[in-house]
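Numbering of ligands and ligand atoms starts at 1, following listing order.
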Amino acid sequence: MSDTGPTYVPLEGYREIAPEDMRRRAAEFRREMERRRTVREFSERSVPRGVIEDCIAAAARAPNGANRQPWHFVAIGDRALKRRIREAAEEEERAFYSGRAPDEWLEALAALGTDEHKPFLEEAPWLIAIFAQSYEVGPGGEKVKNYYVQESVGIATGILITALHHAGLVSLTHTPSPMGFLNELLGRPPNERPFLLLVTGYPAEGARVPDIDKKPHPEILTWR
Ligand code: IYR
């Protein structure tokens, strides 16, 4: 471990935005994010790998605990592998929907219309498996602690979802539970836990989304 203090460089990336531009940019971005919807019906249209790479690169800029960057992304475009992931996820989901999930949870999901069928795992051009590194393995095989892992990976995932939306794609945050099969199918080590599986691509033609809305502002925002 380093025993030297910090070294500093100038903040070169910052760009000041004039107040009127700031208002316009904030309002435009708000409107863009108001168009984001989680989509479960995907087209098989392909999406260039470079787009996915740029979105993941944006996500990997996320602030995170002690700059450990405790994440690993696996971008899956291979059809056979997507099929195996679908089969494994559907097996877990069958158990979830037919008994493992408490009634209260199933009631909470009723408005979303989800069930154990996950065709999107094969149809969408890309699946992005996000792994959280609970700890690192040091040179002598010892466990090195990571900090704020859930928060860090959650922030990175939020940026990834935003980047994909900004690029003109839709996504689905899919959480087959448990997700341990992803370590096996994707060859990831035991210090990594699957965080979620992000499905992304174009929406299917005529895709529909649940008729649900976000909470009104007074409920989510307090000014003091
Ligand atoms: N993992 C299941 C169930 C599910 C859970 C929540 I919380 C959702 O917001 C949606 C689905 C599935 O993916 O179907």
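Applying the 4.0 Å criterion to heavy atoms of L109 picks out, from ligand 1, the atoms 3 (C), 4 (C), 5 (C), 6 (C), 8 (C), 9 (O), 10 (C), 11 (C). If you number the atoms of ligand 1 from 1 as listed, the ones under 4.0 Å from a heavy atom of E93 come out as 1 (N), 2 (C), 12 (C), 13 (O), 14 (O). Within ligand 1, the atoms closer than 4.0 Å to a non-hydrogen atom of W105 are 5 (C), 7 (I), numbered from 1 in the order shown. Of all the atoms in ligand 1, the ones that sit under 4.0 Å from a non-hydrogen atom of T175 are 1 (N).
In terms of protein heavy-atom proximity, atom 3 (C) of ligand 1 is closest to Y97 OH, 3.3 Å. The nearest protein atom to atom 9 (O) of ligand 1, hydrogens excluded, is given as L112 CD1, 3.6 Å; this is a heavy-atom distance.
The distance criterion of under 3.5 Å between nitrogen or oxygen atoms is met by H174 with respect to ligand 1. Of the N or O atoms in R40, none lie within a sub-3.5 Å distance of an N or O in ligand 1.
The main-chain N or O of G77 is never found under 3.5 Å from a side-chain atom of R49 such that the two would form a donor-acceptor pair. Within the 3.5 Å criterion, the main-chain N or O of L81 finds a donor-acceptor partner in the side chain of D78. Formation of a donor-acceptor pair under 3.5 Å by the R100 side chain with backbone atoms of S177 is found in this model. Side chain of E28 to main chain of A26: no donor-acceptor pair is present (N/O by atom type, distance under 3.5 Å, no hydrogens or angles).
Salt-bridge formation is not detected for the pair E92/K118: no Lys NZ or Arg NE/NH1/NH2 atom is positioned less than 4.0 Å from an Asp or Glu carboxylate oxygen.
Figure legend: cation-pi geometry between K143 and Y135, with NZ or CZ positioned under 6.0 Å from the six-membered ring centre and within 45° of its axis.
Minimum interatomic distance between E122 and K82 (heavy atoms only, all atoms of both residues): O-NZ, 3.5 Å.
Using a 4.0 Å heavy-atom cutoff, K118 is listed among the residues neighbouring ligand 1.
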